[in-house]
Amino acid sequence: MKKIYLFLLFSGLCFTATSQVMTPEKLWELQRVSAVGLTEDGTKVIFTTRTYDVQENKSSSKTFVIPVKGGDPVQVSSYDSIFRDKHLSPSGKFKVIPKEVEVHPVTGQDFYPEMEKSEVYIYDDLNYRHWDKWEDGKYSHLFVQDVSTGEEWDIMKSEPHDTPLQPFGGPEDYTWNNDGSKLLYISKKLKGKEYAVSTNTDIYEYDLSARSTKNLTEENKGYDTSPAYSKDGVLAWLQMDEPGYESDKNDIILFRKGEKVNLTKDWDGTVSSFLWSNDGKKIYFIAPVMGTKQLFEINASGKNGVKQITEGQFDITGMAGQVGETMVVTRTDMNHAAEIFTVDLRNGKMTQLTHVNDEFYDGIELSKVEKRMIPTTDGKEMLTWVIYPPDFDPNKKYPTLLYLQGGPQSPLSQFYSFRWNFQLMAANGYIVVAPNRRGMPGYGVEWNEQISGDWGGQNIRDYLSAIDEVAKEPFVDNDRIGAVGASYGGYSVFFLAGNHEGRFKSFIAHDGIFNTRSMYGTTEELFFVNKDLGGPYWQENVPKSYTEFNPINYVQNWDTPIMIVQGGMDFRVPIGQGLEAFQAAQLKGLKSKLLYFPMENHWILTAQNAIIWQREFFKWLEETLK
């Protein structure tokens with residue numbers, strides 16, 4: 001009897017300890033907080049929480065308001081009555097309504113109406129599919145409605161172009177001027193092949209009285225996005241100069257008295273998003289810096305340069321609005337999902353406003369996240385995040401994961417991912433090494449741009465510098481090191497699988513580029529591969545991307561277990577990439593697994609699929625590293 005009691009006691013202790021670290025199931029218990037904006041009187045913040053029902057594979061949301069100065073949140077049925085509808089013009093006379101419109105024939109029934117049961121798309125140009133959808137001849141247009149009469153008209157009638165931009169555009173792609181006489185919107189008014197190879201979005205101004213449209217940014221052939229007016233009617237937007245380069249330096253442009261001024265031209269950074277100050281004298285913006293995202297300001301006059309307001313081991317992920325000397329923001333770090341904070345604009349002091357997930361985090365052990373500066377092979381210093389298990393003991397040896405960031409030019413900051421979750425990896429007993437290798441913003445334009453055309457070069461050496469340095473620590477088990485990543489991170493896995501000199505004992509690649517030639521032939525946004533791979537593989541002088549830097553050319557060296565994850569609806573890195581890699585691994589006789597999600601795109605978005613992804617991720621590592 002005593003033995004049974006001790007066994008039950010021990011089992012209970014183990015269960016309690018296990019329940020106090022992050023698990024895949026617990027990760028999906030977190031409520032996801034989003035800031036909507038401020039109430040019209042500026043005294044309260046409107047925010048939503050989204051909760052997932054894993055059993056039903058669905059989510060639901062609730063809306064709350066909370067005083068800017070702090071207090072208890074109050075649930076409301078909606079925010080229509082307390083938040084100015086962005087769709088409504090400032091005069092209240094007109095409303096803008098996005099609608100999908102059929103513009104040209106694509107399907108078999110379009111061309112052959114008598115063939116009612118046919119299932120065929122017919123194309124004679126590129127851009128026949130985008131992200132996770134096939135082109136069906138329908139486009140998102142903006143309709144203006146006269147509120148008093150109900151009359152509606154399509155301001156983009158018969159145009160084969162989208163606003164909001166696809167696939168991720170929303171209300172940020174259009175705005176009214178201050179008196180409501182004009183509607184500004186973003187569109188990429190190109191077709192077919194020209195659309196696929198270009199980043200040339202423009203800002204268009206629609207005059208309601210004349211019912212005419214003018215292109216305000218025709219001379220710039222790169223991205224123009226996020227138009228916004230100051231209280232005094234000065235227009236600002238974000239601009240990238242280089243045509244076809246989606247990760248170019250993003251600058252704030254002002255249009256004042258008929259002149260365009262690049263406000264951040266001389267600042268060695270890139271802007272993520274911005275917001276006019278209430279008085280129109282400053283612009284506040286978010287930008288990556290040193291492995292984080294921080295809040296900055298710049299005078300609209302351009303004087304005094306850029307000033308960083310916040311500093312710390314966290315990310316500012318969005319701005320909800322300004323009240324006096326206070327900015328309301330959302331904030332994350334590698335241990336915490338988004339919550340709403342206020343920032344004192346005078347000194348950067350932050351105060352947490354919402355505490356939606358506090359109780360959840362109070363019940364689990366958090367990981368230590370350490371910033372290390374590591375020397376690279378070309379004499380630079382590289383910031384590397386090292387995340388430790390919650391119960392880390394420096395006298396023990398731990399399996400270690402080298403995390404390979406995607407993008408390739410996206411920041412490896414203090415983000416909180418519900419898939420690539422470092423807190424969850426550490427909770428499963430792994431040390432995670434996450435280098436801010438070449439190609440990431442936050443370290444100047446030169447560092448960010450270096451990776452284009454050099455995918456298998458310096459940034460791969462940066463990865464190895466990071467893992468080799470951390471592997472010198474006595475608590476790293478050098479016989480149990482793995483490498484994991486998605487997208488460009490998946491490319492990095494495939495490349496390292498043939499070029500790692502025995503460093504790694506396990507690999508996981510999600511939607512990674514395995515064969516740069518077939519990638520060029522099947523991906524949809526060709527401007528990306530034109531810039532980053534150096535153009536097509538049939539050029540007279542073939543770029544290194546298709547020879548020296550093509551992972552498929554090193555499959556003969558593969559000798560390590562590898563798990564490959566592929567989304568069936570991923571048109572950015574299409575299905576053939578994952579299938580080619582899995583087939584190669586199988587035919588070489590390697591321990592390998594294919595995790596195929598037929599209805600997921602470049603990401604895993606549904607709850608049950610995401611939990612299976614996590615379970616398979618750690619199951620694979622358990623089999624190959626522990």
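Side chains included, hydrogens not; waters and symmetry mates left out as well; all remaining heavy atoms used.
Not less than 6.0 angstrom separates the ring centroid of F475 from the ring centroid of Y398. For Y554 and W558, the gap between ring centers reaches or exceeds 6.0 Å. Between F415 and W420, the distance from one ring center to the other does not fall under 6.0 angstrom. Checked against the 6.0 Å centroid threshold, Y121 and Y128 do not count as a close aromatic pair. Taking the six-membered ring for Trp, F571 and W134 have ring centres closer than 6.0 Å. For an aromatic pair to be called close, the ring centres must be under 6.0 Å apart, and W613 with Y596 fails this.
With values rounded to the nearest 0.5 angstrom, M290 atom CE is found 11.5 Å from Q313 atom CD. Distance check, rounded to the nearest 0.5 Å: NZ of K593 to CH2 of W620 gives 7.0 Å. Here the OH atom belonging to Y488 is positioned 4.0 Å from the CD1 atom belonging to I451, to the nearest 0.5 angstrom. Here the straight-line distance linking atom NE2 of H500 with atom CZ of F495 works out to 12.0 Å at 0.5 Å rounding.
The shortest heavy-atom contact between I611 and P24 is CG1-O, 4.1 Å. The heavy-atom pair separating S413 from D315 by the smallest distance is OG-OD2, 2.5 Å. Listed here is the closest heavy atom pair of P288 and S272: CD-OG, 3.7 Å. The two residues Q414 and T332 have their closest heavy-atom pair at O-OG1, 2.9 Å. Annotation for G567 and D511: closest pair N-OD1, 2.9 Å, computed over non-hydrogen atoms. The heavy-atom pair separating M22 from I364 by the smallest distance is CE-CD1, 3.8 Å.
There is a side-chain donor-acceptor pair under 3.5 Å between N436 and Y443. In the model, Q586 has a side-chain atom that pairs as donor or acceptor with a side-chain atom of S592 under 3.5 Å. The closest side-chain donor-acceptor pair between E600 and T606 falls under 3.5 angstrom. Side-chain contact of Y195 with H161: a donor-acceptor pair under 3.5 Å is absent, judged by distance alone. Donor-acceptor pairing under 3.5 Å is recorded for the side chains of R437 and Y463. A side-chain donor from one of S518 and Q577 sits under 3.5 Å from a side-chain acceptor of the other.
Using a 4.0 Å cut-off between charged nitrogen and carboxylate oxygen, E469 and K472 count as a salt-bridge pair. A salt bridge is absent between E449 and R438: the closest approach of a Lys/Arg side-chain nitrogen to an acidic carboxylate oxygen does not fall below 4.0 angstrom. A salt bridge links R572 with E525: the distance from a Lys NZ or Arg NE/NH1/NH2 to an Asp or Glu carboxylate oxygen falls below 4.0 Å. Remark: D53 does not engage K58 in a salt bridge, criterion side-chain N to carboxylate O under 4.0 Å. With respect to the salt-bridge test (charged N to carboxylate O, under 4.0 angstrom), the residues R372 and E473 qualify.
Ring orientation note: the planes of Y491 and W455 are nearly perpendicular, at an angle over 60° on the 30°/60° scale. Aromatic ring pairs are classed by plane angle as parallel below 30°, tilted from 30° to 60° and perpendicular above 60°; the pair F392 and Y388 is tilted.
Put simply, the side chain of V493 reaches to within 4.5 Å of the side chain of L404, judged on heavy atoms. L27 has its side chain within reach of N421: a pair of non-hydrogen atoms, C-beta onward, lies under 4.5 Å apart. Inter-residue side-chain proximity for F528 and Y520 is flagged as unmet; no heavy-atom pair is nearer than 4.5 Å. Counting heavy atoms from C-beta outward, L30 and Y416 have side chains that approach closer than 4.5 Å.
Geometrically, R32 engages W28 in a cation-pi contact defined by less than 6.0 Å to the ring centre and at most 45° from the axis. The cationic group of K531 lies under 6.0 Å from the six-membered ring centre of Y245 and within 45° of the ring axis, placing it in a cation-pi geometry.
Within 6.0 Å of OH on Y112 lie no more than 12 heavy atoms contributed by other residues, nucleotides or ligands.
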Evaluation steps, side chain to side chain donor-acceptor pair (under 3.5 Å), between D110 and T107: CA-CA 5 Å; D110 290 337; T107 69; 3.1 Å; yes

Derivation and outcome, side chain to side chain donor-acceptor pair (under 3.5 Å), residues N200 and S198: CA-CA 5 Å; N200 188 19; S198 175; 5.0 Å; no

